[in-house]
Visitor: 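One structure coming up, written as structure tokens, with questions to follow.
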Protein chains: 2
Amino acid sequence: MANWLKNTIKNASSDCVVFGFEDFSLKILLYKRGINPCKGAWALPGGFLKKGELFEEAARRILKATTGVTDIYLEEVAVFDQLDRFPPWRVFTVGYFALVKPGKYKITATGLDSTEVRWFKFNELPELAWDHKQIVDTALHKLRSLVLHKPIGLELMPNKFTLPQLQTLYEVVLDRPLDRRNFRKKMIQMNLLKKLDERDPNNKTNAAYLYKFDKRVYNKLITKGFILE
Amino acid sequence: MANWLKNTIKNASSDCVVFGFEDFSLKILLYKRGINPCKGAWALPGGFLKKGELFEEAARRILKATTGVTDIYLEEVAVFDQLDRFPPWRVFTVGYFALVKPGKYKITATGLDSTEVRWFKFNELPELAWDHKQIVDTALHKLRSLVLHKPIGLELMPNKFTLPQLQTLYEVVLDRPLDRRNFRKKMIQMNLLKKLDERDPNNKTNAAYLYKFDKRVYNKLITKGFILE
DNA sequence: ACAAAAGTGTTCAGCGTACACCCATGC
DNA sequence: GCATGGGTGTACGCTGAACACTTTTGT
């Protein structure tokens with residue numbers, strides 16, 4: 001412990017709510033703690049800041065260690081600083097939410113004292129350590145309001161995807177069904193998508209067309225925003 | 001200095017961007033530092049956390065000291081943690097933005113080592129200490145996006161106000177003119193306002209009617225949000 | 001009577017919303 | 001041939017946007 005503390009700021013940490021989209025559901029990355037405190041409990045990937053490291057840098061370091069992804073979408077959620085959130089002593093944490101693309105990452109446990117790292121459906125989470133449930137809830141809330149005003153699929157979908165897939169993402173995040181035709185119309189009229197000549201090879205019956213995001217438009221909408229309904 | 005540190009967390013602070021609306025302009029509260037570091041420079045009201053104090057509590061303590069207001073609208077803006085932001089040593093700060101109502105506050109310098117506290121027009125700010133300009137810019141950005149989705153006048157306008165006054169607030173925040181008739185229509189059809197039988201006693205020619213906010217509707221719109229244009 | 005500010009109503013276009021049918025494929 | 005999922009177009013209503021004239025009062 002003494003050695004561990006040497007290069008560490010012991011009252012400041014970053015925690016990441018990592019969202020991924022797989023098997024038609026929205027998932028969150030958790031790890032099982034291998035050491036005390038809270039050994040055996042599931043927790044968000046996170047950790048103390050090193051000296052000379054920014055909160056966001058710490059978050060990226062942790063994400064690289066857990067997912068292997070270096071260029072990742074990251075946004076600050078909020079500060080969490082309840083006095084008793086980390087009982088051994090007082091620690092402020094900055095919560096981030098991150099979006100990662102399936103296929104682009106591979107989960108490891110490098111850099112975390114952990115016995116296991118895996119995805120959970122966002123609505124079937126286990127009990128979480130400390131105040132991590134609260135961080136997840138805040139991040140989910142932010143994701144839901146984000147999705148209505150900015151495009152988000154680029155960070156979560158594979159490079160080529162079908163419109164029904166994208167719609168499912170939106171339905172899962174918003175937790176309600178959307179009208180197929182209106183969803184298509186909206187996406188297409190924003191010029192957000194480029195239709196490819198390929199079709200979904202996975203699907204059996206009537207294969208859906210694949211699309212890519214038009215990154216130019218995508219980035220413009222990220223800064224400018226839009227209104228989905 | 002030794003005594004000052006005893007009850008203080010020396011690497012964590014809160015800083016407040018206090019917005020007020022007066023003389024038809026949006027203003028920000030600054031104080032002139034009375035001691036080093038940065039003696040003589042203008043800065044945002046802020047300070048180190050005391051032990052056992054939350055970031056938001058520190059912000060409220062500082063606001064009470066500077067404005068005398070206890071129930072104040074306060075929202076987290078972001079964490080600012082550049083390594084060199086506070087040259088003597090490393091300090092993270094949580095930026096807040098606050099909205100206060102003219103007439104409800106009185107400026108003091110209690111609790112700040114200051115020679116002067118006063119309002120500046122938001123677009124005529126002096127040079128600011130440290131990274132406070134960046135905090136102001138981020139807060140302004142947040143205010144501008146807030147105003148499009150939530151009602152904000154309640155915290156900034158006097159209890160009774162005219163529609164042209166409210167419109168001016170919106171125009172100043174958004175930095176562009178709005179159509180008088182459409183603005184009225186929008187505000188009225190949201191049931192946000194209660195028309196009074198009084199007229200603006202200050203105005204000379206054709207006095208405008210005074211309004212109050214319907215707090216029930218106001219609070220509902222705060223949580224539910226709306227879309228201004 | 002003229003200038004300054006406040007109040008009011010209408011028209012148009014675009015978009016969000018609801019909704020039904022045909023097509024392709026695998027079993 | 002039937003079930004499953006994908007693709008497409010239309011009609012209506014609301015609301016955001018543009019816009020001009022009248023009323024009041026102080027000078």
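So that the names make sense, note that chain A is the first sequence line, chain B the second, and so on, each numbered from 1.
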Visitor: I need the CZ-C1' distance between B:R176 and D:dG16, as an integer number of Å.
Guide: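 After rounding, the gap between these two atoms is 12 Å.
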Visitor: Whole angstroms only, please: what is the CZ-C1' distance between B:F226 and D:dT15?
Guide: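 For the pair B:F226 CZ and D:dT15 C1', the rounded distance is 15 Å.
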Visitor: Rounded to the Å, how far apart are A:D200 CG and D:dG5 P?
Guide: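 Interatomic distance, CG of A:D200 to P of D:dG5: 13 Å.
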Visitor: Could you tell me if B:R118 sits above the aromatic ring of B:F120, with its cationic atom closer than 6.0 Å to the ring centre and no more than 45 degrees from the axis?
Guide: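 Because its charged atom sits under 6.0 Å from the ring centre and within 45° of the axis, B:R118 does stack over B:F120.
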Visitor: Salt bridge check: are B:E57 and B:R61 linked by an N-O gap of less than 4.0 Å?
Guide: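 No, this pair does not count.
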Visitor: Rounded to the nearest Å, what distance is computed from the CE atom of residue A:M187 to the P atom of nucleotide C:dG16?
Guide: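 Distance check: A:M187 CE to C:dG16 P gives 11 Å.
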Visitor: Could you check whether A:F213 and A:F161 have their ring centres less than 6.0 Å apart?
Guide: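 Yes, they do, as the ring centres are separated by less than 6.0 Å.
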Visitor: Produce a footprint string for nucleotides 1-15 of chain C: one letter per nucleotide, 5' end first; B if the base is under 4.0 Å from any protein heavy atom, S if only the sugar-phosphate is, - if neither.
Guide: ----BBBBBB-----
Visitor: Nearest-Å distance, CD1 (A:I227) to C1' (D:dT15)?
Guide: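 After rounding, the reported distance stands at 12 Å.
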Visitor: Would you call B:K142 and B:E75 a side-chain contact if the rule is heavy atoms closer than 4.5 Å?
Guide: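 Yes, side chains in contact.
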Visitor: State, without any angle test, whether B:D15 and B:T93 hold a side-chain donor-acceptor pair at a distance under 3.5 Å.
Guide: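 The answer is yes; a qualifying pair exists.
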Visitor: Under a 3.5 Å threshold, yes or no: a donor from one side chain and an acceptor from the other, between B:R33 and B:Y31?
Guide: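 A pair is found: one side chain offers a donor N or O, the other an acceptor, under 3.5 Å apart.
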